[in-house]
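Taking it in order: structure first as structure tokens, then the write-up.
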Amino acid sequence: MGIIDNRGRVINYARISVTDRCNYRCVYCMPEEGVKPRPHDDIMRFEDIVWLSRILVSLGIRHIRFTGGEPLVRRGMADFLVSFREEFPGLGVSMTTNASLLSRFAGAIARARLSGMNVSLDTLDGGKFAGMTRLGDISDVMSGLESAAECGIPNIKTNTVVMRGFNEYELPDIVKFSWNRGFIPRMIEFMPLRGDLWGREKFVPSGEIFELLKPIGDWSAEGRGREKAAGGPAKYYTDALTGLKVGVIEAVSNHFCSECNRLRITAAGNMRACLFNSEETPLLPAIRERDETASREAILRGIALKPKKWNDAADGEGHMSDIGG
Ligand code: SAM
Ligand code: SF4
């Protein structure tokens with residue numbers, strides 16, 4: 001069923017960052033110089049992640065998403081996913097990736113029978129993409145997406161962080177791009193994780209995002225199915241004509257704290273019960289000791305820190321690349 005927190009929320013979804021390293025430096029996620037990488041010894045080993053996942057599953061976690069940094073820069077990630085799936089055949093297992101290395105690994109990843117994969121896609125314009133990621137080449141992402149679809153990786157979603165003056169007028173094209181390939185597009189409000197990366201002038205609220213999408217669908221009263229995906233933060237709108245969906249993640253303007261079902265574990269094995277609360281509970285010492293009781297206690301202690309609302313306790317500190325988004 002899940003872990004019930006002290007506000008009655010069911011916690012059944014965990015995001016585990018497998019690395020704090022990334023081959024991109026997206027402007028909304030990292031400073032230009034990157035983030036000082038943690039020493040390898042401080043990062044959870046794959047065996048640590050498996051051991052921790054057993055505890056999480058025994059507590060009631062039903063879905064684990066692997067994220068980063070960029071998960072595919074971690075050596076052995078695709079093989080890890082395959083063995084992870086063998087160990088947890090009934091679990092929801094997914095990954096979020098920038099897709100830069102996906103064409104190389106899609107075949108191997110397909111063997112892991114993931115429940116789904118989210119791919120960041122903020123623009124279709126190669127020049128803008130290079131500027132936004134500082135290090136990226138959009139052709140890698142395009143071939144990554146193509147390989148993922150060809151290899152039969154199911155339930156592929158594209159994630160677009162909407163930033164004023166950067167991609168707001170491109171949203172219809174990004175949605176159509178995804179629809180044409182059988183992916184589900186999702187638009188994400190730009191979140192203020194680090195004040196120096198975020199700016200109010202760059203923020204586009206979900207209502208405006210929906211306005212920008214109006215021309216490409218029939219969102220009439222009957223057709224505008226505004227459904228909340230089970231356990232997820234996105235609200236989905238359905239085009240009445242085609243039945244195709246677009247998700248909007250209102251993380252800022254209409255946050256979903258009362259229904260939040262998730263916990264996050266950084267690559268260094270620190271648990272964050274809320275993305276916007278920098279208070280972290282270290283799990284790694286108990287994991288490395290393989291101490292089940294201490295690990296469970298630490299997880300439950302961490303969950304007790306989950307605030308009622310993000311802006312109650314939030315100081316918003318931390319890099320997305322460390323926390324995992
Ligand atoms: N490197 C992978 C990727 O980019 O998909 C996984 C890690 S990334 C931190 C996870 C997600 O967080 C991505 O979809 C990214 O777009 C999103 N993200 C990062 N910074 C964000 C911000 N300030 N606001 C909203 N989403 C953000
Ligand atoms: Fe890397 Fe993903 Fe952050 Fe971009 S959003 S810098 S790809 S971790």
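Indexing begins at 1, ligand by ligand and atom by atom, following the structure's order.
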key: Proximity to ligand 1 by part of T96, non-hydrogen separation under 4.0 Å   = both
note = Closest non-hydrogen contact found for F190 with V162 is CB-O, 3.6 Å
query = ligand 1 versus N118, non-hydrogen atoms closer than 4.0 Å: side chain, backbone, both, neither?
reply = neither
key: Minimum non-hydrogen distance to atom 5 (S) of ligand 2, winning option of G68, S17, C29   = C29
inquiry  = Does the residue G69 have a heavy-atom contact with ligand 1, meaning some pair of atoms that are separated by less than 4.0 Å?
reply    = yes
ask   = Does F46 have R74 sitting over its ring (NZ/CZ under 6.0 Å from centre, angle to axis within 45°)?
value = yes
ask   = Do ligand 1 and T67 have nitrogen or oxygen atoms that lie under 3.5 Å from each other?
value = no
inquiry  = Using a 3.5 Å cut-off on N or O atoms only, is R15 in polar contact with ligand 1?
reply    = no
query = Between F210 and Y237, how do the two ring planes meet: parallel, tilted or perpendicular, split at 30° and 60°?
reply = parallel
query = Does a side chain donor of either T96 or R65 reach within less than 3.5 Å of an acceptor in the other side chain?
reply = yes
Where ligand 1 meets E70 - atom numbers and elements under 4.0 angstrom, heavy-atom basis = 1 (N), 2 (C)
ask   = Which atoms of ligand 1 have any heavy atom of G68 under 4.0 Å away?
value = 7 (C), 9 (C)
message = Need the ligand 2 atom indices (1-based, order shown) with element for anything under 4.0 Å from a heavy-atom of Y24.
response = 6 (S), 7 (S)
message = Ignoring hydrogens, what is the shortest heavy-atom contact between E208 and R164? Give both atom names and the distance.
response = OE2-NH1, 2.7 Å
T123 side chain to D125 side chain, donor-acceptor N/O pair below 3.5 angstrom = no
ask   = Which ligand 1 atoms does T97 reach within 4.0 Å, using its non-hydrogen atoms?
value = 2 (C), 3 (C), 5 (O)
key: Under 3.5 Å: N/O of Y28 near N/O of ligand 1   = yes
key: Test log, rule side chain to side chain donor-acceptor pair (under 3.5 Å), inputs N98 and S100   = CA-CA 6 Å; N98 64 23; S100 57; 2.7 Å; yes
key: Lys/Arg cation over aromatic F177: R181, 6.0 Å, 45° cone   = yes
ask   = Counting backbone and side chain alike, does C26 bring an N/O/S atom below 2.8 Å of atom 3 (Fe) of ligand 2?
value = no
key: Pairing of R54 and E292 as salt bridge, 4.0 angstrom limit   = no
ask   = C22 near ligand 1, heavy-atom distance under 4.0 Å?
value = no
key: atom 4 (Fe) of ligand 2 to nearest N/O/S of C22 less than 2.8 Å   = no
